[in-house]
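Have a look at the structure below, then the notes.
Predicted, not measured: the structure shown is a model, and the values here were computed from it.
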Amino acid sequence: MPQKLVIIGAGMASGRMLEELFELSPQTYDVTLFGAEPHGNYNRIMLSPVLAGDKQFEDIITHDADWYKQHNVNCRFDEAIVKIDRRKKQVISQNGITDYDKLIIATGSASFFIPVQGKDLPGVIGFRDISDVDTMLKAAGKTNGKAVIIGGGLLGLEAAAALKARGMDVTVLHLMGHLMERQLDPAAGYLLQKELEKRGIRVVCKAHTSAILGKDRVEAVLLEDGALHPADIVVMAAGIMPETHPAVSAGLRVERGIWVNDQMQTSDQDIYALGECVEHDGIIYGLVAPLYDMAKVLARTLIEQQAAFIAPMVSTKLKVTGIDLFSAGEFGDEDSHEEVVLRDPARGIYKRLILRDNHIIGIVMYGDTTDSAWFFDKFKRGEDISDIRANLIHGPSMAGGNADPLAAVAAMPDSAEICGCNGVCKGTIISAIHNGANDLAAVRAQTKASASCGNCTGLVEQVLAVTLGDNFVVPAAKGMCSCTDLTHQDVRQIIKSRKLKSIAAVMQEAGWKTSCGCPSCRPALNYYLLCQWPLEYTDDAQSRFVNERNHANIQKDGTYSVLPRMWGGMTTPQELRAIADAAEKYNVPTIHVTGGQRIDLLGIQRDDLPSIWSDLNKAGLVSGHAYSKGLRTVKTCVGTDHCRFGTQDSTGLGIKLEKILWGSWTPHKVKLAVSGCPRNCAEATCKDLGVICVDSGYEVSVAGAAGMELKQTEALAKVATEQEVIDLSIAFIQLYRESAAYLDRPYKWVAQVGLQWVIEQIVDDIENRVALIERFEISQSVYRKDPWAEQTKPQYQSQKWAALADLTLEAAQ
Amino acid sequence: MTNWIDIAALSDIPKRGGRVVKTTSGCIAVFRTQNDQVFALDDACPHKKGPLSEGIVHGNAVTCPLHNWVIDLETGSAKGADEGQVNTYQIKVENGRLLLDLNQLKTRSAA
Ligand code: SRM
Ligand SMILES: Cc1cc2nc3c(=O)[nH]c(=O)nc-3n(C[C@H](O)[C@H](O)[C@H](O)COP(=O)(O)OP(=O)(O)OC[C@H]3O[C@@H](n4cnc5c(N)ncnc54)[C@H](O)[C@@H]3O)c2cc1C
Ligand code: SF4
Ligand code: FES
């Protein structure tokens with residue numbers, strides 16, 4: 001006869017415990033599971049993605065009705081336990097009385113509502129379960145809804161980011177001097193605040209809430225300094241409290257949480273407890289990883305196996321897209337601590353390691369957390385770092401001398417924990433792989449690694465890569481290409497900060513894994529170098545794709561196309577005649593009027609390129625750069641010259657812009673257009689930068705696209721004069737040149753850095769605008785010239801265009 | 001038997017670059033690597049005859065400019081998942097001059 005096991009609370013801890021138990025022994029107990037929520041177990045961690053709209057509730061359910069049925073769990077959901085009768089060994093719920101042989105309390109925590117007037121008003125919500133999320137979403141549904149979040153910790157910030165993503169106007173009120181003060185030091189807290197503000201979230205630190213105001217429901221939050229923050233909802237995220245009610249009334253030993261020993265046993269030998277509601281050795285836990293350890297211990301205890309809970313080291317990451325943050329251990333300023341700090345203000349990166357006696361005891365990372373697992377592993381294993389201390393902060397690539405990041409994973413012992421949430425170590429993953437789990441999904445299914453918060457996905461993939469070798473391709477590697485694990489931005493930064501001025505120097509200093517790169521990194525490096533050091537760097541033709549090396553588009557049969565500039569889409573009879581003559585002289589098979597307002601001659605033999613260019617040059621025509629990652633065209637309409645609606649000289653402005661910008665190299669191609677009125681005949685609103693002339697001036701907008709993606713431009717600024725349009729355009733393109741990753745069109749880049757940032761840089765900050773323009777002009781002093789004129793010089797004929805040797809006669813002999 | 005003929009100076013080809021030698025039966029691409037090794041291959045990619053001489057040279061390989069097949073300069077074979085091979089020719093450097101085996105070329109044009 002199986003014993004009766006009753007569980008109070010169908011949450012993450014009890015859910016995991018049941019899995020462990022059924023795996024060890026499916027028959028020992030007859031299980032009844034009470035839950036106050038109307039659903040079974042779901043992944044509470046993922047409530048923020050649900051709130052943000054990235055996931056649906058169905059996606060985060062971990063145990064469905066089938067699962068409970070399959071394991072014969074008697075489910076009593078939507079039924080809270082109100083009382084435990086220890087003497088009769090019964091629990092009492094709204095619907096009746098249930099006997100138990102063994103009882104488990106897994107009631108989790110409740111949101112802590114700060115004790116101020118108005119805290120019970122409708123619209124004041126905690127952030128704990130799916131019903132809280134539903135309430136918030138209702139409020140988010142209305143236009144211009146305002147949310148005030150009380151508490152700038154993990155939960156509060158996840159809620160803030162999610163509600164912002166839902167279009168709400170969001171304010172975070174935080175009591176302390178900086179955000180997430182329990183996980184972050186002030187420097188990292190500052191960077192985090194800046195990032196959130198950049199996203200339009202208002203952050204008020206040192207905010208003492210004095211009252212929550214409202215008649216029938218919440219209307220505003222009043223601070224002690226008198227500031228009033230209007231609110232349609234108030235999210236209480238100031239902390240959590242272990243849910244101990246049934247335990248307290250049953251007379252169990254309860255400190256801050258329900259007291260348990262190493263076996264998860266409470267002061268009553270037939271009652272156990274686990275999860276956030278317990279206190280072990282003076283500590284209360286608020287993250288799932290330790291709770292899952294508890295689940296393992298309790299499952300074993302229940303079947304009378306030896307097991308003991310050992311307080312684990314925990315680390316924190318924030319699950320907000322685009323914010324990389326990691327913290328573990330201690331980070332207070334104490335005399336016995338030493339620290340190593342790396343700051344890169346330009347990239348918003350901050351890394352700090354806190355050391356004691358040559359051991360890492362604390363880690364805080366912001367902006368770039370790629371190496372966090374490597375540090376955390378050293379931290380957990382208590383490794384002596386004296387040997388690698390000099391370069392430690394730079395992570396595995398520099399510190400250990402193992403440039404291969406996989407080497408770091410390869411070197412981890414099998415006992416090293418990979419998935420913190422589920423306590424899966426490397427050895428478990430490797431045996432799963434040997435048993436046929438050869439991709440992430442399979443490893444996830446078999447081991448649960450990366451199945452909870454997902455932050456270890458990268459590591460799991462690396463273990464796959466190490467174990468399967470070439471049979472596994474790590475998806476979406478962050479590095480530029482397989483020659484390096486550094487990202488594009490890392491490399492740009494290294495070029496700048498270490499003043500590297502040749503491709504060879506970059507490859508050497510940044511530890512390239514190949515002797516001379518690949519077709520993917522070389523063109524990027526060439527671009528980064530010429531952009532950073534326009535006067536000093538010599539362009540490397542061998543690192544250019546054929547089109548840019550030969551200044552013409554290669555065709556499928558190895559011939560080329562020749563496309564002269566027609567400034568602003570304007571041309572003359574002389575130009576047209578020269579084009580016609582050239583087309584006849586070189587037997588051009590195809591002449592096409594392009595989508596860029598100019599004429600393309602296609603099907604030209606390579607050998608003929610220099611001569612046709614030279615002929616076109618004579619008529620004043622120059623290269624149209626139709627092949628370049630650089631300025632392509634500036635389309636215009638006829639504007640005030642002819643059109644009855646034209647408001648400004650759109651044609652003239654387009655020509656001016658093209659004459660200033662041509663010849664410049666950019667991360668990807670750049671196209672502009674100027675329309676004379678909002679009828680927008682030049683299609684300016686799908687260009688990288690578009691100008692619409694209006695009566696009162698010019699509307700400049702950016703980041704449009706009309707290729708593989710279709711995207712309307714977004715307003716940058718409205719200005720009164722042509723000169724301002726020109727200045728803004730130059731500054732925008734220079735900013736793009738200096739900060740985008742190679743092969744990202746402006747619309748991709750703007751999506752990454754945020755339009756707001758771009759506006760701050762070039763619209764608001766006039767000094768910076770001027771500096772950008774100056775740097776652009778310096779670059780153009782080198783690059784604003786016609787490559788055709790250059791390439792037709794005699795030395796190019798012998799060094800490049802002619803054959804190395806002509807053996808047609810020789811071989812015929 | 002080999003019949004080495006002097007075709008050009010090594011320095012006529014840029015490092016990590018290629019140039020062509022014209023023959024009656026089509027062009028031969030001559031490559032010079034970063035480490036001054038030289039290779040001679042048919043200038044027609046096994047995929048769709050792209051001009052390999054215009055590709056980006058990296059290590060001892062060249063990436064075709066048309067659809068990015070990577071050709072091993074030593075063997076003329078496509079690397080990775082792609083399959084195909086081009087003819088390779090004997091070439092060497094002596095005193096800074098490039099020497100190509102003419103006999104091998106002749107058999108090629110005869111074939
Ligand atoms: C010639 C032209 C088509 C035509 O005959 O009208 C053309 C031809 C090519 N386009 Fe284009 N595009 C041409 C206008 C456009 C336009 C329309 C425009 O500029 O107003 C677009 C959409 C606008 C845009 O760029 O957002 C366009 C979007 C693309 C794309 C997609 C870019 C993207 O970021 O989504 C590619 C692929 C790429 O660049 O990677 C592309 C790539 C190409 C290439 C270079 C493909 C290649 O790598 O060989 C074609 C070269 C043909 C050749 O041998 O000359 N072409 N291409 C047009 C030349 C315009 C000019 O005067 O310079
Ligand atoms: C929005 C959010 C984001 C989070 N993000 C992370 C993260 O990124 N990483 C991480 O490690 N942790 C995270 N956490 C914390 C994690 O979810 C908790 O540590 C974990 O859920 C606690 O598990 P538990 O089983 O102890 O409690 P819970 O999962 O809360 O389960 C307790 C259950 O018991 C029920 N219950 C309570 N009293 C009774 C009663 N008297 N009768 C019947 N049922 C009762 C409750 O309704 C609840 O369903 C997050 C939490 C939230 C809310
Ligand atoms: S749309 Fe552009 S890239 Fe595609 S075939 Fe036409 S010209 Fe070529
Ligand atoms: S022709 Fe060389 S890759 Fe297609």
Side-chain angles (χ1 to χ4, degrees), chain A residues 470 473 481-483 502-504 507 512-526 538-560 605-607 609 627 795-796 798-813, chain B residues 3 5-35 40 43-45 48-68 70 80 98 100 102-110:
Chain A
D470 288 346
V473 185
C481 63
S482 54
C483 304
S502 69
I503 291 185
M507 291 182 173
W512 240 244
K513 290 184 267 182
T514 50
S515 67
C516 60
C518 73
S520 160
C521 59
R522 283 239 305 276
L525 290 182
N526 188 53
T538 341
D539 193 285
D540 177 25
Q542 302 314 316
S543 296
R544 293 242 186 214
F545 179 62
V546 54
N547 288 359
E548 292 189 348
R549 184 171 354 104
N550 288 347
H551 299 276
N553 264 309
I554 196 163
Q555 314 288 303
K556 61 184 208 176
D557 60 355
T559 63
Y560 290 83
Q605 300 299 324
R606 181 183 188 278
D607 288 355
L609 287 174
Y627 49 82
Q795 74 260 32
Y796 280 93
S798 58
Q799 285 167 15
K800 174 170 172 183
W801 297 108
L804 186 62
D806 187 346
L807 301 183
T808 41
L809 301 172
E810 198 116 8
Q813 285 164 4
Chain B
N3 176 12
I5 57 157
D6 182 323
I7 49 167
L10 174 66
S11 58
D12 288 334
I13 311 177
K15 272 182 193 278
R16 293 172 286 129
R19 290 188 65 183
V20 298
V21 172
K22 287 191 174 167
T23 77
T24 40
S25 51
C27 287
I28 291 179
V30 180
F31 297 98
R32 173 181 177 191
T33 68
Q34 170 83 12
N35 312 323
D43 191 26
C45 178
K48 294 195 171 169
K49 304 218 176 321
L52 295 176
S53 55
E54 296 290 1
I56 290 183
V57 178
H58 46 104
N60 282 0
V62 62
T63 293
C64 177
L66 289 193
H67 319 94
N68 295 330
V70 180
L98 290 167
L100 191 67
L102 193 63
N103 281 354
Q104 202 189 355
L105 285 189
K106 284 192 178 142
T107 40
R108 166 189 186 239
S109 43

Toward chain B: residues of residues 550-557 of chain A with heavy atoms under 4.5 Å:
A/Asn550, A/Ile554, A/Gln555, A/Lys556
Side-chain touch B/Pro51/A/Val546, heavy atoms, less than 4.5 angstrom:
no
To the closest 0.5 Å, what do you measure between CZ (A/Arg606) and OG (B/Ser53)?
6.5 Å
Look at the side chain of B/Arg19 and the backbone N and O of A/Ala805, then say whether any donor-acceptor pair between them is shorter than 3.5 Å.
no
Tell me the closest heavy-atom pair linking [X] and [Y], and the distance in Å.
X        : Y       : answer
A/Cys516 : B/Val57 : SG-O, 4.5 Å
A/Ser543 : B/Arg16 : OG-NH1, 3.3 Å
A/Arg549 : B/Gly55 : NH2-O, 3.7 Å
A/Gln542 : B/Pro14 : NE2-CG, 3.1 Å

Carefully, step by step, assess A/Leu807 and B/Ile28 under the rule side chain to side chain contact (heavy atoms under 4.5 Å, CB included).
CA-CA 10 Å; A/Leu807 301 183; B/Ile28 291 179; over 6 Å; no
Which region of [X], side chain (C-beta onward) or backbone (N, CA, C, O), has a non-hydrogen atom less than 4.5 Å from a non-hydrogen atom of chain A, or is it both or neither?
X       : result
B/Pro65 : both
B/Gln34 : side chain
B/Ile7  : both

Is it true that atom NZ of B/Lys22 has more than 12 heavy atoms of other residues, nucleotides or ligands lying nearer than 6.0 Å?
no
NZ/A/Lys800: more than 12 non-hydrogen atoms of other groups inside 6.0 Å
yes
When B/His67, B/His58, B/Lys48 are compared by non-hydrogen pairs under 4.5 Å with chain A, the top option
B/His58
